[in-house]
Amino acid sequence: MAKNMIYTIGRQYGSGGKEIGMKLAEKLGIKCYDRELLERASKESGLCQELFENHDEKPTNSFLYSLVMDTYSMGYSSSPYMDIPINHKVFLAQFDTIKKLASEGPCVIVGRCADYALEEFDNCVNAFILADLETRAKRISKLYNMSLSKATDTVVKTDKRRASYYNYYSNKKWGDVHSYHICIDSTQVGTDGAVDILIQFGELKAKNRQ
């Protein structure tokens, strides 16, 4: 039953959220969407893919930036996103793509306010993955071969950007327990343990929906 659910993964930077999402999808035999979502959103909206890369979970309030980027953002003049600021165009394009992916069948979607986009889907498990700062900094330091102090700074700044993005575009608060169905500390249970917990949670939720 768990494989019939849609899983959205919010995550602190360095908590292993992406890895957990990929392992979860593999174990259930369903698709996992992370950055692949950006490519599809670009193709379906007619917006330049570079815009999605530049705005990925990073809200911008720069009027000048939006003005400049607007000059080459449109691939098709008939795009429904024409008359709104560039950051909103990107968000809405992702929003539409997330709904389409979920409508196509069970999957795992990492980040990008997917839980908010799919709030009308009752077969969702909305999870948030967290871990202590030291663990996350060590993971990023090892993964990107940077000093521990730089990794710590990167973790803190990335979390702030993700929180700003989520809080700006959704009606919920990033990382707040009330914004998700389940929050898992990967420091305590590891990535494999987190996957097992999510599968069990999905099975229980699916059973209660019947």
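Sequential numbering from 1 along the given sequence is applied to the chain's residues.
Ion pairing between Glu39 and Lys43 holds under the 4.0 Å rule for side-chain N and carboxylate O. A salt bridge links Lys157 with Asp153: the closest approach of a Lys/Arg side-chain nitrogen to an acidic carboxylate oxygen falls below 4.0 angstrom. With respect to Glu57 and Arg161, no salt bridge is recorded, no charged nitrogen being found less than 4.0 Å from a carboxylate O. In this structure, Arg40 pairs ionically with Glu104, as a charged nitrogen and a carboxylate oxygen lie closer than 4.0 Å.
No more than 12 heavy atoms of other residues, nucleotides or ligands sit less than 6.0 Å from atom CG of Asn145. Atom NZ of Lys172 has more than 12 heavy atoms from other residues, nucleotides or ligands within 6.0 Å. Atom CE of Met22 sits in a sparse spot, with 12 or fewer heavy atoms from other residues, nucleotides or ligands closer than 6.0 Å. Other residues, nucleotides and ligands contribute over 12 non-hydrogen atoms within 6.0 Å of the CD atom of Glu53.
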Listing, residues 125-132 side-chain donor-acceptor contacts under 3.5 Å, not counting sequence neighbours, or none:
residue, atom, partner, partner atom, Å
Asn126, OD1, Thr8, OG1, 2.7
Asp132, OD1, Glu134, N, 3.3
Asp132, OD1, Thr135, N, 2.7
Asp132, OD1, Thr135, OG1, 2.8
Asp132, OD2, Thr135, OG1, 3.1
Asp132, OD2, Thr187, OG1, 3.4

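The closest side-chain heavy-atom distance from Ile20 to Ser186 is below 4.5 Å. Using a 4.5 Å cut-off on side-chain heavy atoms (C-beta onward), Arg139 and Val155 make no contact. The side-chain heavy atoms of Asn4 and Asn123, taken from C-beta on, include no pair separated by under 4.5 Å. In this structure, Cys124 and Tyr7 have side chains that are not in contact, with every pair of non-hydrogen atoms separated by 4.5 Å or more. By the 4.5 Å heavy-atom criterion applied to side chains, Phe95 and Tyr116 are counted as neighbours. Inter-residue side-chain proximity for Cys32 and Val110 is flagged as met; some heavy-atom pair is nearer than 4.5 Å. Contact of the Asp34 side chain with the Glu36 side chain is registered, since non-hydrogen atoms from C-beta on lie closer than 4.5 Å. At a threshold of 4.5 Å between non-hydrogen side-chain atoms, the residues Asp96 and Glu44 do not count as touching.
A chain of hydrophobic side-chain contacts below 4.5 Å, direct or via other Ile, Leu, Val, Met, Phe, Trp or Tyr residues, connects Tyr165 to Tyr168. No chain of hydrophobic side-chain contacts below 4.5 Å, direct or via other Ile, Leu, Val, Met, Phe, Trp or Tyr residues, connects Ile9 to Leu101. Both Ile197 and Met5 sit in one connected hydrophobic cluster of ILVMFWY residues. Membership requires side-chain heavy atoms under 4.5 Å apart, directly or through other members. Residues Tyr33 and Leu118 are members of one and the same hydrophobic cluster, defined by side-chain heavy-atom contacts under 4.5 angstrom among Ile, Leu, Val, Met, Phe, Trp and Tyr. When hydrophobic clusters are built by joining Ile, Leu, Val, Met, Phe, Trp and Tyr residues whose side-chain heavy atoms come closer than 4.5 Å, directly or via intermediates, Ile140 is grouped together with Val156.
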Can you check side chain to side chain contact (heavy atoms under 4.5 Å, CB included) on Asp115 and His181, steps first, answer last? CA-CA 10 Å; Asp115 58 304; His181 297 136; over 6 Å; no
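With hydrogens and angles disregarded, no donor-acceptor distance shorter than 3.5 Å links the side chain of Ser42 to the backbone of Leu38. At least one donor-acceptor pair closer than 3.5 Å links the side chain of Asn167 to the backbone N or O of Trp174.
Separating the CZ atom in Phe52 from the CG atom in Leu47 is a distance of 4.5 Å, to the nearest 0.5 Å. Between the CD1 atom of Ile98 and the CD1 atom of Ile6 there is a distance of 11.0 Å, given to the nearest 0.5 Å. A distance of 15.0 Å separates CZ of Arg112 from OG of Ser170, quoted to the nearest 0.5 Å. One distance of note links OH of Tyr13 with NZ of Lys160; it measures 16.0 Å at 0.5 Å rounding. We find the CD-CG distance between Gln12 and Asp159 to be 5.0 Å, quoted to the nearest 0.5 Å. Thr158 OG1 to Arg11 CZ: the interatomic distance, rounded to the nearest 0.5 Å, is 10.0 Å.
Considering all non-hydrogen atoms of both residues, Ala137 and Thr152 come closest at CB-OG1, 3.3 Å. Scanning both residues, Tyr169 and His88, for their nearest heavy atoms gives CE2-ND1, 3.8 Å. When all heavy atoms are compared, the tightest approach of Ile30 to Lys3 is CG2-O, 3.7 Å. For Leu148 against Ser141, the heavy-atom pair with the smallest separation is N-OG, 3.9 Å.
Listed by first and then second residue, the side-chain hydrogen bond (donor to acceptor under 3.5 Å, both in side chains) pairs that reach into residues 195-205 are Lys27-Asp196, sequence neighbours excluded. Applying the salt bridge (charged side-chain N to carboxylate O under 4.0 Å, His left out) definition to pairs two or more places apart or across chains, those involving residues 176-195 are Lys23-Asp192.
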